[in-house]
Amino acid sequence: MKNKIILSPAIALLSCTILIGCSGTNDKHIEETGGHVILDRQSGQIILPLDNYDFYGRLSNMATFDKAKNVWLKKCLKKVGYTLKLSAEKLSETEPPEERTYGLWLPDRAKKYGFDFPPQSKDERFMNEKLEHDNAWAEEFDDCQNKLQETKTSFLRVDQAYNSSLASKLASESFEQVLSDDRWREIRTGWKDCLSGSGLTPPRNDTSFVSEEAEELLDSRSNLNSDELNRIAIIESTCNNQVELTERLGNLEGSIQENIIRDNIEALSNEKNEIETELSLADEYIEKNLK
């Protein structure tokens, strides 16, 4: 299991489930924390050690593979007389959605978007509008998606490969281990105390990073831009930042992952080499076909 953006079902990203793709980021903005996790506060990416061996470990990888899929879908739709508009750039012009592995952790973003995410890219807006308002287009798009699932082209099947990858399996194991570590609950205590001191009710579940007030509003499908949700988002992200919750839990989980990597380094290195090969093939495909 890739324990990345954790959301209430009410705000699950449509764009990441229908192959529109999540935005990428430039690795030059990534900052070391001095521990076992790397935090990129500009893109909102949280990079754990196993992410370096993961098909979708970096947003730039996700952007490349998803762009290749969208180019394939564009060609498929063109064969039956339909258009899929794609930008020439491989990476989106919009801010990427931040990873919320350990809850909201970027106060500046919380002030701008609350529990919501940055505006959709042009590609996402075009696709969602078509899916919502053009039934004939949507039917052909669904048919192309089904055909994409059957393709033998390796770099178009990385999401299926990920589900059975060693990195995915080990990430699930490391998460189970960190949940059984007393330090996980000890680190969360400061954040929960901060929430309580600000008038919010901390979550009871050890894997939840959303206050009960926010969870109730999100489950009721309240407006994500409501004043109350925005107020709560600022409090939650500020508390997370003040007690360094994301950094400390990331370092704890990262330290466990590093031990697991040492025991599986040869097999993981082989998977990493496969990823680099598939990225190169995807880049070549995009360059030749994105016109």
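What you see below is based on every heavy atom in this structure, not just the backbone, and it leaves out hydrogens, waters and symmetry mates.
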**Salt bridge present between D123 and K67 (N-O < 4.0 angstrom)** = yes
**Request:** Consider only side-chain N and O atoms of S208 and E215, and report whether a donor and an acceptor are under 3.5 Å apart.
**Result:** no
**Request:** Determine, for F117 and R100, whether the Lys NZ or Arg CZ falls below 6.0 Å from the six-membered ring centre while staying within 45 degrees of the axis.
**Result:** yes
**Request:** For F155, check ring pair (Phe, Tyr, Trp, His ring centres under 6.0 Å) against everything at least two apart and list the hits.
**Result:** Y285
**Message:** Has E258 got a side-chain atom pairing as donor or acceptor with P49's backbone, closer than 3.5 angstrom?
**Reply:** no
**Prompt:** Are the side chain of W105 and the backbone of E99 linked by a donor-acceptor contact shorter than 3.5 Å?
**Reply:** yes
**Fill in**
side-chain contact (heavy atoms from CB on, under 4.5 Å) filter on V178, not counting sequence neighbours, yields F175, W184, L252, E253, I256
**Prompt:** Is there a donor-acceptor contact under 3.5 Å linking the side chains of T207 and N205?
**Reply:** yes
**Prompt:** Do any N or O atoms from the side chain of D263 and from the backbone of I260 form a donor-acceptor pair under 3.5 angstrom?
**Reply:** no
**Item:** Donor-acceptor pair between S43 and D40 side chains, under 3.5 angstrom
**Value:** yes
**Request:** Taking only Lys NZ, Arg NE, NH1 and NH2, and the carboxylate oxygens of Asp or Glu, determine whether E132 and K130 approach each other closer than 4.0 Å.
**Result:** no
**Message:** Quick test of your reading: applying side-chain hydrogen bond (donor to acceptor under 3.5 Å, both in side chains), list the pairs with at least one residue in residues 190-201, sequence neighbours left out, ordered by first then second residue.
**Reply:** T201-E213
**Asked** Distance-only, no hydrogens or angles: does the T189 side chain make a donor-acceptor pair with backbone N or O of R185 under 3.5 Å?
**Response** yes
**Prompt:** Does A110 offer a backbone N or O that forms a donor-acceptor pair with the side chain of N230 under 3.5 Å?
**Reply:** no
**Prompt:** Do N289 and K75 get their side chains close enough for a donor-acceptor pair, meaning under 3.5 Å?
**Reply:** yes
